[in-house]
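Owing to the predicted nature of the structure, the values given are computational and were not obtained by experimental measurement.
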Amino acid sequence: MGAAQQRISTPGERQDRSARRGAITAVSGALLVDAVLALSFSGTFARLPTAFWVMAGLALAVDVRPYVVANRRASSVILPSICFTFGIALAWGFVPAVAVQLAAMAVAGIRMRQSPRRALHLAVQHACALAGAALVAGLAGLRLDAEPDWDDALITVAAAAAWIGARYGLDSLAARLLSDGRRRRRVQRWGVELFATAALLLLGPIVLAAAQVGVALVPLVLLALHAVHRMVRSAGEYERAARVDVLTGLPNRRALQASVAERGNSRGSHRPERRIALLLLDLDRFRTVNDALGHTHGDRLLVQVAQRLTAAVPPHDLVVRLGGDEFAVLATRVDGPAAARRIAAHLADALGSPFALDGLIIDVSASIGIALQSERGGDGAALLRQAEAAMYDAKQRGAQMAVYARDAEHHTPDLTLLADLRHALQQEPAEGLMLYYQPQIAIATGEVVGVEALLRWRHPERGVVGPEELLRVVEQTPVMRLLTSRVLREVVGQLADWRAGGRPVRASVNVSVRDLHATDIAEEIKDLLLRYGVPADLLQLEITESALMADPHRVLDTITRLDRMGVAISLDDFGTGYSSLQHVRRLPLSEVKIDRSFVLGMASDAGDSAIVRSVIALAGSLDLRVVAEGVEDERTWRLLATAGCHAAQGWFHARPMPAADFTEWLARYRPLRPGREPGALATT
């Protein structure tokens with residue numbers, strides 16, 4: 001019964017017990033060793049001058065505030081007492097120096113709440129460091145007096161180097177042994193620590209020189225120690241700011257990539273089957289919160305999400321805010337995809353409870369992409385790209401989570417082709433990128449009512465890259481936004497030229513789900529229209545059913561903003577996806593486009609013809625324009641006219657052509673409309 005009622009201690013309570021044991025170990029160990037040294041070397045201590053005791057007292061006093069280097073593990077601590085103990089070692093030898101150092105470390109250990117193991121580890125390091133410095137000074141015959149020469153300065157530098165080499169050499173050796181030889185600390189991360197340590201050590205001879213002049217001058221070194229402390233603190237704050245998200249206090253993208261590299265390289269051999277998994281969470285419908293309640297409430301919600309995710313994740317894992325409404329969890333002890341899915345489900349459950357903001361109840365959900373590191377030492381950026389691709393895959397399939405599949409075709413983009421495309425987009429003009437325009441004709445009147453902008457890319461080595469291959473490579477990457485931005489800029493500029501030439505025409509541009517999820521696309525389009533002086537009703541965006549169903553609420557938010565600006569929205573490839581009529585009814589659409597797969601067969605296939613007529617009737621009841629793609633012959637055009645279709649697009653009228661060719665074609669074009677007799681065409 002007693003065992004059953006025994007309370008399980010919390011991590012904080014266990015840490016408190018460890019800190020108490022560490023303090024007892026440090027104090028009792030220092031007292032014991034110092035007592036042994038005092039008895040064994042009583043004559044040495046009896047002959048020590050007043051300067052030694054002043055420096056010893058200051059060493060204990062300054063270690064009340066040890067310097068801890070930010071964003072580093074527990075060994076990254078600098079004891080300011082080394083300034084005094086190093087000087088003591090140079091002047092009076094190893095025994096007095098180590099006695100003072102152990103006493104000062106006991107003070108620092110109590111302040112830092114060290115564990116017994118950590119206290120012993122630091123004590124051994126500093127004792128060996130002092131031994132190395134004293135050995136160099138003794139072998140070189142260093143005798144610091146009131147008039148030191150250049151040889152004494154060089155010996156002092158050599159002793160400081162021996163101190164640093166012994167201390168950090170032991171630290172690296174211990175880290176290697178504990179991680180089975182695979183863990184290596186990068187030298188560049190030691191910069192501030194080594195510089196501060198060297199500065200403190202080289203202050204030691206200055207303190208001794210001051211003591212030669214007068215003991216009263218020794219405490220003045222506290223000002224220099226304060227300057228070193230401020231330097232370490234400022235460097236730590238700068239490093240922390242570079243690795244921490246300002247709003248939530250979580251690590252940021254840079255910290256995530258560093259952690260992937262470090263933790264991936266240090267996986268232990270006792271559980272080789274365990275892998276690192278990155279789970280990317282994208283909050284659904286977050287922009288709705290910003291628009292409805294304001295950015296202040298949105299930021300408060302992000303802070304609460306960060307707190308809830310942190311509470312749901314064990315200490316050995318990492319919660320990161322990537323930016324906007326994207327978070328990530330780096331799980332370091334995952335046995336495989338099934339375990340990663342369980343972690344994702346746990347995170348989804350953690351977000352499942354409603355959030356409260358000023359009495360308002362807000363429900364939050366997230367789409368989660370999962371990527372597992374396949375080998376040790378993987379790239380954090382690559383792992384993040386994989387998790388992002390899986391997240392968008394989950395959105396497109398309407399699933400809560402998805403695991404990155406390396407062997408899936410659409411998840412293995414040609415990285416060389418992607419790099420070439422990024423390079424092409426960064427040039428002015430874009431290398432090999434061309435926009436073609438295919439006219440859209442009003443069936444009843446034969447008038448040109450618009451064009452669709454179609455992208456072509458002529459690769460310098462591969463030739464023309466088809467639209468399908470281009471989208472497969474780019475759609476799930478950040479390059480998609482660069483590509484869309486370039487296309488929008490080119491199209492709006494062309495619209496301005498046509499309008500200035502007296503032939504205003506509406507242009508449709510295809511956008512992806514990634515574009516619609518971007519927070520700035522509406523503002524980008526608004527700026528472009530203002531810059532080129534183009535009315536908003538001359539630009540139309542085409543979205544697909546898959547983009548609509550990936551996250552209908554988030555898409556609704558974006559296109560509603562565009563609709564309010566006057567930019568028309570067209571639903572492309574209607575009938576090929578799985579959009580519900582509920583979403584079609586709610587979206588501010590201007591037109592629907594019937595997929596060419598139905599239009600091409602409507603003249604010979606009764607089923608395709610019935611589908612086309614049904615779509616036209618449905619769109620008419622919703623007061624939407626209907627554009628038929630893939631109109632290749634007169635018979636199909638006449639059937640569409642009979643069914644009441646508004647516009648047609650296809651080779652029957654014109655193939656896609658560059659802007660200059662379209663301008664010439666438009667000047668020669670004479671409107672055609674279906675004649676009253678079969679096979680007859682009427683001109684106007």
Asks: Just how far is it from atom CD1 of Ile559 to atom CZ of Arg564, taken to the nearest 0.5 Å?
Replies: 11.5 Å

Asks: Please report the shortest heavy-atom distance between Ala356 and Ile361, naming the atom on each side.
Replies: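 Shortest heavy-atom contact: CB-CD1, 4.3 Å.
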
Asks: To check you understand the geometry: which heavy-atom pair defines the closest contact between Leu322 and Leu384, and what is its length?
Replies: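 Answer, listing the atom of Leu322 first, then Leu384: CD1-CD1, 3.7 Å.
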
Asks: By the definition side chain to side chain contact (heavy atoms under 4.5 Å, CB included), identify the one residue from Val627, Val626, Ile616 that meets it with Val592.
Replies: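 Among the candidates, only Val626 passes.
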
Asks: Can you list the steps and then say if Ile370 with Leu278 is a side chain to side chain contact (heavy atoms under 4.5 Å, CB included)?
Replies: CA-CA 6 Å; Ile370 305 169; Leu278 181 63; over 6 Å; no

Asks: Is there side-chain contact between Val492 and Ile525, with at least one heavy-atom pair below 4.5 Å?
Replies: no

Asks: Step by step, work out the side chain to side chain contact (heavy atoms under 4.5 Å, CB included) result for Leu541 and Leu562.
Replies: CA-CA 9 Å; Leu541 300 185; Leu562 292 166; 3.4 Å; yes

Asks: Taking side chain as C-beta onward, heavy atoms only, is Leu372 less than 4.5 Å from Pro337?
Replies: yes

Asks: Checking Arg308 against Phe355: charged group under 6.0 Å from the ring centre and within 45 degrees of the axis?
Replies: yes

Asks: Side chain to side chain donor-acceptor pair (under 3.5 Å), that's the test. Do Thr296 and Asp299 meet it? Break it down for me.
Replies: CA-CA 5 Å; Thr296 300; Asp299 289 346; 5.9 Å; no

Asks: Find the distance between CD1 (Ile594) and OG (Ser614) and round it off to the nearest 0.5 Å.
Replies: 9.5 Å

Asks: With a 4.5 Å heavy-atom cut-off, do Leu622 and Leu589 have their side chains touching?
Replies: no

Asks: Charged N to carboxylate O under 4.0 angstrom, Arg625 versus Glu591?
Replies: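 Answer for the salt bridge query: yes.
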
Asks: How would you list, by chain and number, every residue that makes a ring pair (Phe, Tyr, Trp, His ring centres under 6.0 Å) with Tyr437, sequence neighbours excluded?
Replies: Trp498

Asks: Let's go through Leu283 and Phe327 carefully: what are the C-alpha distance in whole Å and the side-chain angles of both, what is the deciding distance for side chain to side chain contact (heavy atoms under 4.5 Å, CB included) to 0.1 Å, and is it a yes or a no?
Replies: CA-CA 8 Å; Leu283 302 185; Phe327 293 83; 4.2 Å; yes

Asks: Between Asp325 and Val305, is there a side-chain heavy-atom distance shorter than 4.5 Å?
Replies: no

Asks: Judged by atom type as modelled, is there a donor-acceptor pair below 3.5 Å linking the side chain of Asp595 to the main-chain atoms of Phe598?
Replies: no

Asks: Evaluate the side-chain proximity of Met391 to Glu326: yes if any heavy-atom separation is below 4.5 Å, no if none is.
Replies: yes

Asks: Other residues, nucleotides and ligands only: do more than 12 of their heavy atoms fall within 6.0 Å of CG on Asp623?
Replies: no

Asks: Let me see the working for Val334 and Ile343 under side chain to side chain contact (heavy atoms under 4.5 Å, CB included), right down to the final yes or no.
Replies: CA-CA 9 Å; Val334 180; Ile343 295 174; 3.8 Å; yes

Asks: Please check this pair: side chain of Asp317 against backbone of Thr332, looking for a donor-acceptor N/O pair closer than 3.5 Å.
Replies: yes

Asks: Using every non-hydrogen atom in the two residues, find where Gln373 and Leu383 come nearest and quote the distance to one decimal.
Replies: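 Between these two residues, the closest heavy atoms are N-CD1, 3.8 Å.
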
Asks: By ring pair (Phe, Tyr, Trp, His ring centres under 6.0 Å), which residues pair with His346, not counting sequence neighbours?
Replies: none

Asks: With no hydrogens and no angle check, is any side-chain donor or acceptor of Ser570 less than 3.5 Å from a backbone partner on Asp572?
Replies: no

Asks: Using a strict 4.0 Å threshold on nitrogen-to-oxygen distance, state whether Glu523 and Arg561 make a salt bridge.
Replies: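 Salt bridge flag = yes for Arg561 with Glu523.
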
Asks: Mind checking the CE-CG spacing from Met565 to Leu529? Nearest 0.5 Å is all I need.
Replies: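 So the gap between those two atoms works out to 5.5 Å.
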
Asks: Which atom pair, heavy atoms only, marks the closest approach of Leu495 to Ala507?
Replies: CD2-CB, 3.6 Å

Asks: Atom CZ of Arg300 and atom CG of Leu247: how far apart are they, to the nearest 0.5 Å?
Replies: 12.0 Å

Asks: Give me the one residue out of Thr484, Leu435, Leu454, Leu539 that meets side chain to side chain contact (heavy atoms under 4.5 Å, CB included) with Val509.
Replies: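 Of the listed options, the one satisfying the test is Leu539.
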
Asks: Indicate yes or no: at least one non-hydrogen side-chain atom of Leu309 is less than 4.5 angstrom from one of Leu281.
Replies: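 Yes; the side chains approach each other to less than 4.5 Å.
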
Asks: With no hydrogens and no angle check, is any side-chain donor or acceptor of Arg321 less than 3.5 Å from a backbone partner on Gly324?
Replies: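 Such a contact is found between Arg321 side chain and Gly324 backbone.
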
Asks: Which pair of non-hydrogen atoms, one from Leu250 and one from Val320, has the smallest distance, and what is that distance?
Replies: CD1-C, 4.2 Å

Asks: Taking all non-hydrogen atoms of both residues into account, name the closest pair between Pro588 and Ile569 and its distance.
Replies: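 That would be O-CB, 4.0 Å.
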
Asks: Check whether the side chains of Asp563 and Thr560 place a donor and an acceptor atom closer than 3.5 Å, and report yes or no.
Replies: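 Thr560 and Asp563 do not have a side-chain donor-acceptor pair below 3.5 Å.
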
Asks: Quick test of your reading of the model: are Lys593 and Glu542 salt-bridged, counting only N-O distances below 4.0 Å?
Replies: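 Between Glu542 and Lys593 there is a salt bridge, with a charged N closer than 4.0 Å to a carboxylate O.
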
Asks: So how far is it from Arg489 CZ to Leu528 CG, rounded to the nearest 0.5 Å?
Replies: 8.5 Å

Asks: Under the side-chain hydrogen bond (donor to acceptor under 3.5 Å, both in side chains) test against Glu452, which residue among Gln649, Arg506, Gln438 passes?
Replies: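 Only one of Gln649, Arg506, Gln438 forms a side-chain hydrogen bond (donor to acceptor under 3.5 Å, both in side chains) with Glu452, namely Gln649.
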
Asks: Taking atom CD1 of Ile521 and atom OG of Ser485, what is their separation to the nearest 0.5 Å?
Replies: 7.5 Å

